[in-house]
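First comes the structure, then the notes that go with it.
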Amino acid sequence: MVATGGGPRRRPGIWIWVSLAAVIVVIAIWLIVVPLLKGQLWASDERRVSIIDDTIAVEIRVPGGLAITRVSADTTGDGCSLARYSFGQSLAVESYADECELSGADRILNGHHGEYRTIDDVADPHDAEEISTSLGAATLFVQDYTECTNFCRDFEEPVAIIELDDPADASHSSFVLQAHKGEISRDELREILETLRPLDLES
């Protein structure tokens, strides 16, 4: 008797599913893991914020979880004025008038993160780099910050100083972005710098 038919047939469908799963994994790595390693995952969930006052007129894009939680303005006389916008404990945008006497650049600790107008005001900047922005040239660097309670902890804080090409107030020729305690990484702060846009107060 002659046997008919062969052995068990392979079902091609299972290989299709295996190939599809492999493609999905590759796409997931490309869309999630790579941006995460670069510090850019938040870009898909960003928040556009406009800061407009007598000294600053700028649009900034920040991670979606951030929002302005505190606004500080101080005029001490003799042309010295300060404007500061705090995004929780993560980010601060601030500007000192050119006439202000800055202090404490050599003691970055316990809530004091430095008062700067130019990179020359910084006592010990690390890994400074120049970045072109739509507002003017920015200097991005890292500073050491220490916080002591029962014990001391050290942090690396990314900071950027932007020298404005066309300031809203001529006496405020620059402003500063500070990522407190490094909660925003250097790469994330660089990405924020790339999103800065001047606002036209006359429109």
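If you read the sequence from its start, that first residue is 1, and numbering goes on from there.
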Would you say the side chain of [Y] lies within less than 4.5 Å of the side chain of [X], judging by non-hydrogen atoms?
X	Y	answer
Leu91	Leu189	yes
Thr55	Leu82	no
Val58	Ile52	no
Pro158	Ile184	no
Ile161	Asp121	no

**Ser185/Asp187 under side-chain hydrogen bond (donor to acceptor under 3.5 Å, both in side chains): CA gap, chis, key distance, verdict** = CA-CA 5 Å; Ser185 70; Asp187 285 344; 5.4 Å; no

For the pair [X] (side chain) and [Y] (backbone), establish whether a donor and an acceptor sit closer than 3.5 Å, ignoring hydrogens and angles.
X	Y	value
Thr133	Glu194	no
Thr146	Asp154	no
Asp166	Leu135	no
Arg117	Cys100	yes
Glu163	Ala137	no
Ser95	Ser174	yes
Ser134	Leu196	yes
Arg70	Tyr85	no
Thr118	Asp120	yes
Gln178	His113	yes

**Request:** Decide yes or no on side chain to side chain contact (heavy atoms under 4.5 Å, CB included) for Arg197 and Arg61, but give the supporting numbers first.
**Result:** CA-CA 9 Å; Arg197 295 291 181 270; Arg61 296 186 183 183; over 6 Å; no

Salt bridge flag under 4.0 Å for residues [X] and [Y]:
X	Y	result
Arg48	Glu59	yes
Arg84	Glu94	yes
Glu156	Arg186	no

**Request:** Show your reasoning for whether ring pair (Phe, Tyr, Trp, His ring centres under 6.0 Å) applies to Tyr96 and His172.
**Result:** CA-CA 6 Å; Tyr96 291 87; His172 285 255; 8.4 Å; no

**Asked** Between Tyr116 and Phe141, what is the ring plane arrangement, given parallel below 30°, perpendicular above 60°, and tilted in between?
**Response**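 Ring orientation, 0 to 90° scale: perpendicular.
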
**Request:** Just do the side chain to side chain contact (heavy atoms under 4.5 Å, CB included) check on Val159 and Leu140 with the steps written out, would you?
**Result:** CA-CA 6 Å; Val159 181; Leu140 175 62; over 6 Å; no

**Request:** To the nearest 0.5 angstrom, please state how far the CZ atom of Arg47 sits from the CG atom of Leu66.
**Result:**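 Answer rounded to 0.5 Å: 8.0 Å.
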
**Message:** For the CG atom of Leu109 and the CZ atom of Phe155, what is their distance to the nearest 0.5 Å?
**Reply:**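 One gets 12.0 Å once the value is rounded to the nearest 0.5 Å.
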
Co-membership, hydrophobic cluster, residues [X] and [Y], 4.5 Å side-chain:
X	Y	result
Val122	Leu102	no
Val62	Ile131	yes
Leu164	Ile119	no

**Item:** side-chain hydrogen bond (donor to acceptor under 3.5 Å, both in side chains) between Asp98 and Ser171, worked out
**Value:** CA-CA 6 Å; Asp98 297 342; Ser171 67; over 6 Å; no

**Item:** Gln89, CD atom: more than 12 neighbouring heavy atoms under 6.0 Å
**Value:**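 It does not: Gln89 CD has 12 such atoms or fewer within range.
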
**Prompt:** Is the number of heavy atoms from other residues, nucleotides or ligands under 6.0 Å of Asp54 CG greater than 12?
**Reply:**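 Count not over threshold, so no.
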
**Request:** Just do the side chain to side chain contact (heavy atoms under 4.5 Å, CB included) check on Val93 and Phe87 with the steps written out, would you?
**Result:** CA-CA 8 Å; Val93 177; Phe87 293 77; 4.0 Å; yes

**Asked** Step by step, would you call Gln143 with Tyr145 a side-chain hydrogen bond (donor to acceptor under 3.5 Å, both in side chains)?
**Response** CA-CA 6 Å; Gln143 68 180 9; Tyr145 171 76; over 6 Å; no

